[in-house]
Participant: 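This is the structure, below, for whatever I ask next.
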Number of protein chains: 2
Amino acid sequence: MKPKDLPIEQKIKYVQDTLYVISGKWKLPILLAMNFGARRFRDIQRAVPKITTKVLSKELKDLETNLLVIRTVYDTSPVTVEYTVSPYCKSLKPLVDEMILWGYNHRKKLITQP
Amino acid sequence: MKPKDLPIEQKIKYVQDTLYVISGKWKLPILLAMNFGARRFRDIQRAVPKITTKVLSKELKDLETNLLVIRTVYDTSPVTVEYTVSPYCKSLKPLVDEMILWGYNHRKKLITQP
DNA sequence: GATGCCAGTTACCTACAGGATACCAGCGAT
DNA sequence: ATCGCTGGTATCCTGTAGGTAACTGGCATC
């Protein structure tokens with residue numbers, strides 16, 4: 001069964017699932033910062049302006065639950081925690097590119113014909 | 001200037017713009033109901049289970065602001081109001097298809113390797 | 001032994017999306 | 001006249017995302 005053949009309510013459900021994973025104020029900025037090299041908790045916090053520890057902590061857990069981020073604890077002293085973007089995370093790229101494109105064109109559209 | 005060449009903060013902004021337009025509990029179900037033929041306010045309300053008049057009213061205004069829906073008032077007696085999906089709304093299709101696909105695969109992924 | 005860094009947690013608070021319910025004016029049918 | 005349909009508004013309420021600030025335990029440095 002391919003997604004194309006699904007009943008419409010199922011399609012909406014899958015769209016909602018996708019929205020749930022990537023929406024919110026911080027998910028994409030965090031993934032971005034990590035792509036730019038930030039791996040430690042505090043590094044990510046510094047790389048994402050204005051985010052608080054509580055929110056970062058929660059968002060990282062969400063991202064980990066959704067397999068987009070991998071959390072590794074090294075048994076050093078003190079313990080070192082590393083967050084990395086998973087290979088699976090790359091599967092989001094076509095979607096994110098599509099969203100950038102639509103957002104870009106939409107803004108132009110709203111400006112030219114309000 | 002193509003979206004590909006934009007600085008990353010701009011890309012995030014466009015993604016947020018896109019999210020703002022299509023996220024929320026009701027926007028897609030409403031567009032769907034309209035695609036299935038509902039045009040009058042009460043028809044749409046009946047076609048979208050559980051939505052309240054207040055929320056439908058607000059969502060239709062948002063969709064109209066974003067040029068996805070066209071509101072036409074006919075000078076009959078009593079007045080008839082028709083909502084239709086705009087041609088521009090079709091530009092969302094690649095994005096929505098991408099979201100259905102990602103959501104579908106993601107759910108499979110979460111089930112097979114939790 | 002005091003200070004500071006790391007990786008968070010906890011408790012409390014605010015703003016906003018969305019929900020429940022009631023209501024309005026205008027008209028047509030009974 | 002009164003009931004019901006239309007296209008909504010107005011009020012009040014709840015739930016959740018996100019924000020503020022303080023705090024913890026372990027280690028390292030001064």
Side-chain angles (χ1 to χ4, degrees), chain A residues 12-13 15-34 37-66 68-85, chain B residues 12-13 15-34 37-66 68-85:
Chain A
I12 291 182
K13 195 184 74 176
V15 173
Q16 308 286 20
D17 284 357
T18 300
L19 283 172
Y20 185 77
V21 173
I22 60 170
S23 70
K25 189 171 173 181
W26 298 110
K27 300 230 169 53
L28 270 77
I30 290 170
L31 290 178
L32 181 74
M34 295 178 65
R39 295 172 181 278
R40 311 283 298 275
F41 190 89
R42 295 293 172 187
D43 289 341
I44 299 169
Q45 188 175 4
R46 275 185 287 265
V48 181
K50 308 257 181 187
I51 197 167
T52 65
T53 54
K54 179 197 142 188
V55 172
L56 178 55
S57 173
K58 189 215 159 217
E59 297 291 63
L60 285 171
K61 276 176 193 162
D62 286 356
L63 291 170
E64 197 194 351
T65 301
N66 284 304
L68 300 175
V69 153
I70 297 162
R71 180 179 186 269
T72 318
V73 180
Y74 293 102
D75 195 10
T76 55
S77 155
V79 289
T80 308
V81 180
E82 255 194 26
Y83 293 91
T84 48
V85 174
Chain B
I12 291 182
K13 195 185 75 177
V15 173
Q16 308 286 22
D17 284 357
T18 301
L19 283 172
Y20 185 76
V21 173
I22 61 169
S23 70
K25 190 170 173 182
W26 298 110
K27 300 233 168 52
L28 269 79
I30 290 169
L31 290 178
L32 180 75
M34 294 178 66
R39 296 170 180 280
R40 311 281 300 274
F41 190 89
R42 297 291 175 188
D43 290 341
I44 299 169
Q45 188 175 5
R46 275 186 287 267
V48 180
K50 308 256 181 187
I51 198 168
T52 64
T53 55
K54 180 195 143 189
V55 172
L56 178 56
S57 173
K58 189 218 159 215
E59 297 291 63
L60 284 172
K61 277 178 192 161
D62 286 357
L63 292 170
E64 196 193 352
T65 301
N66 284 304
L68 300 175
V69 153
I70 298 163
R71 181 179 186 270
T72 317
V73 181
Y74 294 102
D75 196 10
T76 54
S77 158
V79 288
T80 308
V81 180
E82 255 195 26
Y83 293 91
T84 48
V85 174

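Reminder, nothing fancy here: chain letters follow the sequence lines and each chain counts from 1.
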Participant: What string of B, S and - do you get for nucleotides 9-21 of chain C, 5' to 3', if B is base contact, S is sugar-phosphate-only contact and - is no contact with any protein heavy atom under 4.0 Å?
Facilitator: BBB------BBB-

Participant: Answer yes or no: does a side-chain N or O of A:Arg40 lie under 4.0 Å from OP1 or OP2 of C:dG8?
Facilitator: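 False: A:Arg40 side-chain N/O out of range (4.0 Å or more) of C:dG8 OP1/OP2.
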
Participant: Rounded off to whole Å, could you give me the CG-to-P distance for the A:Asp62 and D:dT16 pair?
Facilitator: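 The answer, rounded to whole Å, is 14 Å.
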
Participant: So, the side chain of B:Ser57 versus the backbone of B:Thr53: is there a donor-acceptor pair under 3.5 Å, distance only?
Facilitator: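 No, B:Ser57 side chain to B:Thr53 backbone: no donor-acceptor pair under 3.5 Å.
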
Participant: To the nearest Å, how far apart are B:Leu56 CG and D:dA10 P?
Facilitator: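 The answer, rounded to whole Å, is 16 Å.
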
Participant: If you define the side chain from C-beta out and look only at heavy atoms, does anything of A:Val81 sit under 4.5 Å from A:Thr72?
Facilitator: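 In short, these two side chains do not touch, never coming nearer than 4.5 Å.
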
Participant: Mind checking side-chain contact (heavy atoms from CB on, under 4.5 Å) for B:Val21 and listing every partner two or more places apart, or none if nothing turns up?
Facilitator: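 Checked B:Val21 against side-chain contact (heavy atoms from CB on, under 4.5 Å); matches are A:Trp102, A:His106, B:Asn66, B:Leu68.
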
Participant: Could you tell me the separation between the CD1 atom of A:Ile12 and the CG atom of B:Leu28, rounded to the nearest 0.5 Å?
Facilitator: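 CG of B:Leu28 is found 6.5 Å from CD1 of A:Ile12.
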
Participant: Report yes if a side-chain nitrogen or oxygen of B:Tyr74 is closer than 4.0 Å to either non-bridging phosphate oxygen (OP1 or OP2) of D:dT6; otherwise report no.
Facilitator: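 Negative; the distance criterion is not met.
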
Participant: Is the closest side-chain donor-acceptor distance between A:Tyr83 and A:Arg39 under 3.5 Å?
Facilitator: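 Distance-only check fails for A:Tyr83 and A:Arg39.
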
Participant: For A:Arg39, answer base if it contacts any base atom (sugar-phosphate contacts may also be present), sugar-phosphate if it contacts only those atoms, and nothing otherwise; contact means non-hydrogen atoms under 4.0 Å.
Facilitator: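 Since no nucleic acid heavy atom lies under 4.0 Å of A:Arg39, the category is nothing.
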
Participant: Within less than 4.0 Å of OP1 or OP2 of D:dC5, is there a side-chain N or O belonging to B:Arg46?
Facilitator: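 No, B:Arg46 has no side-chain N/O under 4.0 Å of OP1/OP2 on D:dC5.
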
Participant: Taking only side-chain nitrogens and oxygens of B:Tyr83, does any of them come within less than 4.0 Å of OP1 or OP2 of D:dT6?
Facilitator: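 No, because none of the side-chain N or O atoms of B:Tyr83 sits under 4.0 Å from OP1 or OP2 of D:dT6.
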
Participant: Does one side chain, of A:Thr80 or A:Thr76, offer a donor that lies under 3.5 Å from an acceptor on the other?
Facilitator: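 Side chains of A:Thr80 and A:Thr76: pair found under 3.5 Å.
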
Participant: To the nearest Å, give me how far apart CG (A:Leu19) and C1' (D:dA17) are.
Facilitator: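 Rounding to the nearest Å, CG of A:Leu19 and C1' of D:dA17 are 15 Å apart.
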
Participant: For B:Ile30 and D:dG8, what is the distance between atoms CD1 and C1' respectively, to the nearest whole Å?
Facilitator: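 Taking atom C1' of D:dG8 as the reference, CD1 of B:Ile30 is at 14 Å.
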
